[in-house]
Amino acid sequence: METKIVLKDSEIPKTWYNIVADMPNPPAPVLHPGTGKPITPDDLAPLFPMSLIEQEVASQRFIPIPGEVRKIYALWRPTPMYRAKRLETAIGTRSRIYYKYEGGSPAGSHKPNTSIPQAYYNKMAGRKRIATETGAGQWGSALALGASFFGLEAKVYMVKVSYRQKPYRRMLMEAYGAKVVPSPSEDTKSGRRILEGDPDSPGSLGIAISEAVEDAATREDTSYALGSVLNHVLLHQTVIGVECLEQMKIANDYPDVVIGCCGGGSNLAGIGFPFVRDRIAGSKKTRIVAVEPSSCPTLTKGVYAYDFGDTARLTPLLKMYTLGHDFVPAGIHAGGLRYHGESPLVSQLFHEGLIEAQAFQQTAVFGSALTFARAEGILPAPESSHAIHGAIVEAKKADEEGKEKAILFNLSGHGFFDLAAYDDYLSGRLTDYEHPESKIREALERLPKVSE
Ligand SMILES: *Cc1c(COP(=O)(O)O)cnc(C)c1O
């Protein structure tokens, strides 16, 4: 039984998997905030190139990966899958734990799986510049990388609390040639409005999205790019799960549970959707589990409703699990999981019972991260550590029930730029934070009114 399960370069998938083709119900339409009617591809044209809009609404099962994108994927793909034998020993489980490692990409996470095709399609459409937001800086650095590969300018609005906590991510983006500002910034109307109300605003992904959307909508040469949530982003990430299916065959195994941390839902969807396909087809009973922080419990405590993707209410209305578009989560270290909403596809599958969700506190999550690092050697990103914790909890539960399970989780990135968070944990400065129900109820009262 091998520890490291690898594929050949020639086995990089040739197509992405589009779950829309297999969902029990068609995706809920995206609504225009002004009219309340479903939006058309033309409504999105100021923000995205048409090739990406077509992927956003596509219904065919497999979508070809352009040759130029596959060539760049080959810099780090196929990514390895590991059987975590040393972790199994460390926690004394009888279950088999596997993880897919996406931290070996140049930017250190799964995000280049979508930033590369997004930059490629923008280049093909003749755009010169891309505006985006970033939380912890992982998406910003992935987009900066993609933009530099295709000779595009990148402007990144970085959530202020992360800008301060993670200066090395900003430096990496600048090294790739991007321009980075802390959000809320003085560069946009949305940013200035927030700063007037609260000059010390720590920022949030919702606010940073408003700024990037405004930037792109007000400039001809500029597109907007999103690192998660949207259908085309999840589509690109399925390259992870498609590889996992092949690697599981080599391991002569099949997961009973597939686990991913969940911010906007892209890495969970990336590893999980190809397994959801088997489950819908009825050939397997695999459980797909989304793990989120207790301080930003979108699936576990939010409501399934139409809401804006951003704080300034500039985006179309998405039907998704949400904590309300003006929700500002606590400044926890898993910056990439601090988003008020959730991918509409993940939301709908969760609503229909094909995906489960769990929420954990950050001190428990960091404890598991160190157990993992000391056993397997890789220092995980705080976001990914939620999936590790979910996998360890799952294995221990199976042991208690006298069962033996195959558990697969996505190690979405490394934590080399998150050492300050580990320092806080090791010196006892990290505290848990449960978002109060009353605050959630308050934010939910401000959801847009939509007649369905
Ligand atoms: C951005 C990020 C996440 C959260 O985003 P999803 O879209 O939910 O995957 C998780 N892990 C890492 C390492 C990230 O960079």
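Every number for a ligand or one of its atoms is a count from 1 in the order of the listing.
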Hey, what polar pairs (N/O, under 3.5 Å) does ligand 1 make with protein?
| unit_1 | atom_1 | unit_2 | atom_2 | d |
| --- | --- | --- | --- | --- |
| ligand 1 | 7 (O) | Ser228 | OG | 2.5 |
| ligand 1 | 7 (O) | Gly265 | N | 3.4 |
| ligand 1 | 7 (O) | Ser266 | N | 2.8 |
| ligand 1 | 7 (O) | Ser266 | OG | 2.7 |
| ligand 1 | 8 (O) | Gly263 | N | 2.7 |
| ligand 1 | 8 (O) | Gly264 | N | 3.0 |
| ligand 1 | 8 (O) | Gly265 | N | 2.9 |
| ligand 1 | 9 (O) | His110 | NE2 | 3.2 |
| ligand 1 | 9 (O) | Ser266 | OG | 3.2 |
| ligand 1 | 9 (O) | Asn267 | N | 2.8 |
| ligand 1 | 9 (O) | Asn267 | ND2 | 2.7 |
| ligand 1 | 11 (N) | Ser412 | OG | 2.7 |
| ligand 1 | 15 (O) | Lys111 | NZ | 2.6 |
| ligand 1 | 15 (O) | Gln138 | OE1 | 3.1 |

Donor-acceptor list for residues 44-53 side chains, cut-off 3.5 Å, not counting sequence neighbours:
none

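Put simply, the side chain of Pro38 does not reach to within 4.5 Å of the side chain of Val30, judged on heavy atoms.
Shown here are the ring pair (Phe, Tyr, Trp, His ring centres under 6.0 Å) partners of Tyr422, two or more places apart in sequence or in another chain: Phe366.
Residue pairs meeting the salt bridge (charged side-chain N to carboxylate O under 4.0 Å, His left out) criterion with at least one member in residues 147-160, sequence neighbours excluded: Arg129-Glu153, Lys155-Asp187.
For the pair Arg83 and Tyr98, the distance from NZ or CZ to the six-membered ring centre is under 6.0 Å and the angle to the ring normal is within 45 degrees.
Tyr73 pairs in a side chain to side chain contact (heavy atoms under 4.5 Å, CB included) with only one of the listed residues (Pro117, Pro112, Pro78), which is Pro117.
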